[in-house]
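In what follows, chains carry the letters A, B, and so on, assigned in the order in which the sequence lines appear, proteins first and then strands, with residues in each chain numbered from 1. As the structure is a computational prediction, the values presented were derived from the model and not from experiment.
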There are 2 protein chains.
Amino acid sequence: MSSPGSGSRRVTLADVAAFAGVSLATASKALNGRGDVRDATRERVRVAAERLGFEFNTLAQGLSAGRSGTVGMLTSDLVGRFSLPILMGAEDAFGAGQLSVFLCDARGDSIREQHHIRALLRRQIDGFIVVGNSTDPRPPLSLDAEVPVVYAYAPSTSDEDISVAVDDVAAGRRAVEHLVQMGRRRIAHIGGDSAFAAARDRAAGVTVGLEEASLPLGAGGRPHYGSWSESWGRTAARVVLELDPDVDSLVCANDQIARGAMEVVQQSGRGVPDDIAVIGFDNWEVLTADSAPPLTSLDLNLEGLGQRAAQLLVAAIEGAPSPGRHTVEPRLVVRESTGLTSHRR
Amino acid sequence: MSSPGSGSRRVTLADVAAFAGVSLATASKALNGRGDVRDATRERVRVAAERLGFEFNTLAQGLSAGRSGTVGMLTSDLVGRFSLPILMGAEDAFGAGQLSVFLCDARGDSIREQHHIRALLRRQIDGFIVVGNSTDPRPPLSLDAEVPVVYAYAPSTSDEDISVAVDDVAAGRRAVEHLVQMGRRRIAHIGGDSAFAAARDRAAGVTVGLEEASLPLGAGGRPHYGSWSESWGRTAARVVLELDPDVDSLVCANDQIARGAMEVVQQSGRGVPDDIAVIGFDNWEVLTADSAPPLTSLDLNLEGLGQRAAQLLVAAIEGAPSPGRHTVEPRLVVRESTGLTSHRR
DNA sequence: GAAACAAGCGAAAGCGCTTTCGAGAGTTTC
DNA sequence: GAAACTCTCGAAAGCGCTTTCGCTTGTTTC
């Protein structure tokens with residue numbers, strides 16, 4: 001199927017050089033746009049390469065250059081929620097495929113993690129992106145080698161490391177802001193598992209938002225922490241409605257909780273959003289896009305996080321690291337669950 | 001942080017050889033367990049390697065061996081549903097990290113796909129796993145190079161290729177079998193988008209199951225095709241209940257549809273599973289595990305698919321390809337939505 | 001004790017590419 | 001017309017590892 005010489009081994013630079021009637025060195029320089037090569041010669045080499053269907057062998061280039069042009073992405077993403085968006089963001093940032101990504105799933109097992117790390121180091125990867133599975137800071141990787149690492153989603157506990165995190169506080173604040181804008185005044189917060197920073201941060205953001213609007217927090221004046229599940233959303237919604245029957249909106253710490261809460265609100269005879277607006281976090285499409293009504297949610301911008309992580313990693317690889325914790329801005333995705341009351345049928 | 005000589009360049013096999021007082025060749029053979037090396041010598045080299053913290057440079061090994069020990073996984077998994085389980089399965093099968101996986105997301109864009117393919121080929125990958133985003137057969141990759149390819153999830157349209165697919169028919173059949181076992185007799189089927197093979201296959205399986213039990217298909221005797229969404233589940237459930245108020249179970253073509261259907265069933269005053277049992281497909285935990293009630297679902301066994309794909313790819317790489325379409329067995333995951341009526345409170 | 005073997009080891013030639021450095025050839029300068 | 005440059009290009013030395021093949025030893029065999 002390939003060009004002349006098909007059926008045999010791959011075309012090497014030496015073949016191209018021979019075909020173009022130049023030396024290996026010149027061929028290399030010509031194709032890489034480096035060194036002094038007369039334009040005519042360069043062109044001749046280019047044509048030869050084209051004609052023979054030549055492609056560089058990245059392995060060989062890597063060996064010689066001392067860098068492989070690959071990075072390792074280490075995840076523990078059991079639910080498949082974070083890694084792919086982040087990977088996609090990273091791919092974007094790595095651009096025209098200069099860098100390829102080894103994706104490894106450690107499944108929350110540190111033995112497996114170590115194992116993958118060593119395998120990747122043997123592969124001479126130029127850097128690591130470590131994707132945590134919660135926003136809680138994690139201890140840094142212990143590497144013997146000098147390879148730049150960027151921590152994504154879960155920041156490193158050390159400030160000397162490079163981390164990119166979501167901004168849960170901003171997201172919480174933004175959720176309230178939106179509800180207030182939509183005319184809601186009696187806002188309650190159903191939190192996630194308070195053992196997680198995400199739950200506390202989102203609640204903190206809600207508090208900030210309410211303070212800015214000079215509003216009290218509904219349903220007892222405190223967040224109702226529980227777990228990250230739909231069933232907690234149901235339970236908590238019952239509690240909240242009991243505690244504060246006039247509540248007009250619920251900020252739920254994730255989409256699952258929001259789904260559960262919405263269900264109970266509706267079962268109680270109240271309309272969403274007519275009587276109560278509901279907002280979630282994560283913008284997990286499968287939960288938000290097609291519920292009845294579709295759920296407004298704060299997208300924590302994982303793709304953006306992936307891009308940022310990739311940029312920071314590239315910078316670090318090139319010797320210009322930016323240590324510290326970076327964040328990406330959440331995006332509000334408005335759907336009907338927080339629609340204007342007046343707009344509802 | 002590393003062993004002696006820290007702060008400088010990486011330890012090479014030459015260092016180990018020198019330290020152990022043997023030649024490069026011997027060191028290589030010793031550490032690789034190849035060739036004739038006296039036990040004592042082998043041990044001495046081993047100790048030297050350990051002492052110096054030596055790790056092989058896989059790039060160099062690959063260059064010399066002509067294979068890189070990497071495979072490319074090409075996906076278009078926009079929702080993050082397939083790729084990760086498959087990747088995990090593949091990692092398992094690739095075992096002790098002999099093979100590492102480049103994961104690339106083409107985002108359904110064939111330009112990007114081509115781009116990734118070329119980048120991966122330049123990286124000398126030993127094989128491809130192509131993960132489709134539907135179960136519909138897809139045209140084979142057009143490669144110039146002789147690299148084995150395994151098509152996962154979406155099989156190749158060509159029988160000469162190696163494909164691994166889920167078994168939607170078996171799953172449909174199994175769903176009915178389960179319902180029948182639970183004493184259900186009046187079974188309706190809410191299908192997905194009939195433009196997809198998955199929808200048709202699952203429906204076909206349902207038909208087979210019903211035939212085996214000598215039962216008719218409820219709600220008009222035909223599957224109700226629509227789309228893969230929750231909202232279709234709601235719409236269809238209304239239709240089905242209208243058409244056949246005495247239906248005692250719904251086989252829904254995926255978990256989203258099942259969620260939507262369950263919602264409507266409950267709103268109609270019927271209990272799940274007391275009055276109507278509901279079963280979904282895909283076993284997408286976030287939808288099934290924590291709904292009210294939790295949803296029984298057919299897990300199509302994507303991890304198993306990934307494993308199988310990896311095994312087939314390894315076999316093909318080693319020169320023993322098994323062309324044709326292989327399948328993995330679905331697994332029934334029973335939850336409360338199909339519980340025994342008598343067991344329900 | 002010589003002949004015939006076997007076992008253990010190393011020199012050297014790759015794998016495919018990059019890069020340094022010097023040699024020719026062609027220009028410019030005075 | 002020689003000196004001093006400037007361009008182009010190529011020989012060769014790596015990058016780190018594998019593998020072939022032959023040379024030393026040491027061991028058997030009769």
Side-chain angles (χ1 to χ4, degrees), chain A residues 5 8-46 48-49 52-70 98 119 121-126 145, chain B residues 5 8-46 48-49 52-70 98 119 121-126 145:
Chain A
S8 60
R9 71 181 213 307
R10 277 186 169 111
V11 181
T12 74
L13 187 55
D15 299 329
V16 175
F19 191 91
V22 299
S23 77
L24 198 54
T26 303
S28 169
K29 284 180 279 188
L31 293 179
N32 288 305
R34 230 190 310 285
D36 298 316
V37 181
R38 208 187 309 155
D39 280 352
T41 311
R42 196 182 294 280
E43 190 51 25
R44 196 147 39 88
V45 175
R46 218 164 247 158
L52 298 178
F54 170 76
E55 293 278 359
F56 275 106
N57 179 331
T58 315
L59 244 51
Q61 292 186 303
L63 218 210
S64 155
R67 44 153 80 187
S68 62
T70 60
Q98 291 329 334
L121 287 175
R122 278 197 295 269
R123 292 221 131 83
Q124 314 294 114
I125 59 166
D126 299 332
Chain B
S8 60
R9 71 184 213 306
R10 277 185 169 112
V11 180
T12 74
L13 187 55
D15 299 330
V16 175
F19 192 91
V22 299
S23 76
L24 198 53
T26 303
S28 169
K29 283 180 278 190
L31 293 179
N32 288 305
R34 232 188 308 284
D36 298 317
V37 182
R38 206 186 311 156
D39 281 352
T41 310
R42 196 181 295 280
E43 191 51 27
R44 197 146 40 89
V45 175
R46 220 163 245 159
L52 299 178
F54 171 75
E55 293 280 356
F56 275 107
N57 178 331
T58 316
L59 244 52
Q61 291 185 305
L63 219 211
S64 153
R67 43 154 79 188
S68 62
T70 59
Q98 292 330 338
L121 287 176
R122 277 196 297 269
R123 290 220 133 83
Q124 313 296 112
I125 60 164
D126 299 332

Kindly indicate whether the side chain of L31(A), heavy atoms from C-beta on, has any atom under 4.5 Å from the side chain of L13(A).
yes
Would you check if the side chain of D126(A) reaches a backbone N or O of R67(A) as a donor-acceptor pair within less than 3.5 Å?
no
Between A60(A) and A27(B), which has a closest nucleotide on DNA chain C that is more 5'?
A27(B)
With D15(A) via salt bridge (charged side-chain N to carboxylate O under 4.0 Å, His left out) - residues at least two apart:
R9(A)
Would you say R123(B)'s side chain and G69(A)'s backbone share a donor-acceptor pair under 3.5 angstrom?
yes
Give N57(B) one of three labels, base, sugar-phosphate or nothing, depending on what nucleic acid heavy atoms sit under 4.0 Å from its own.
sugar-phosphate
Report the distance from atom CD of E43(A) to atom CZ of R38(A), rounding to the nearest 0.5 Å.
13.5 Å
Where each residue is assigned the nucleotide of DNA chain C containing its nearest heavy atom, which of D36(B) and L13(A) is assigned the position nearer the 5′ end?
D36(B)
If an axis is fit to five pairs at each end of the helix from dG1(C)-dC30(D) to dC30(C)-dG1(D), what is the angle between the two, to the nearest 10°?
40°
Hey, does T12(B) reach any base, or is it just sugar-phosphate, or nothing, if we go heavy atoms under 4.0 Å?
sugar-phosphate
To the closest 0.5 Å, what do you measure between CD (Q124(B)) and CG (N57(A))?
3.5 Å
No-H, no-angle donor-acceptor pair, K29(B) side chain to dG10(C) base, under 3.5 Å:
yes
Any donor and acceptor pair, going by atom type alone, linking the side chain of R44(A) with main-chain N or O of A20(A) inside 3.5 Å?
yes
At under 4.0 Å between heavy atoms, what does A25(B) touch on the DNA or RNA strands: base, sugar-phosphate, or nothing?
base
Once rounded to the nearest 0.5 Å, what's the spacing between atom OG1 of T12(A) and atom CZ of F56(A)?
11.0 Å
Give the first and the last nucleotide of DNA chain D, reading 5' to 3', that has any atom under 4.0 Å from a heavy atom of chain A.
dT8(D) to dG16(D)
Nearest-Å distance, CZ (R38(B)) to P (dG10(C))?
10 Å
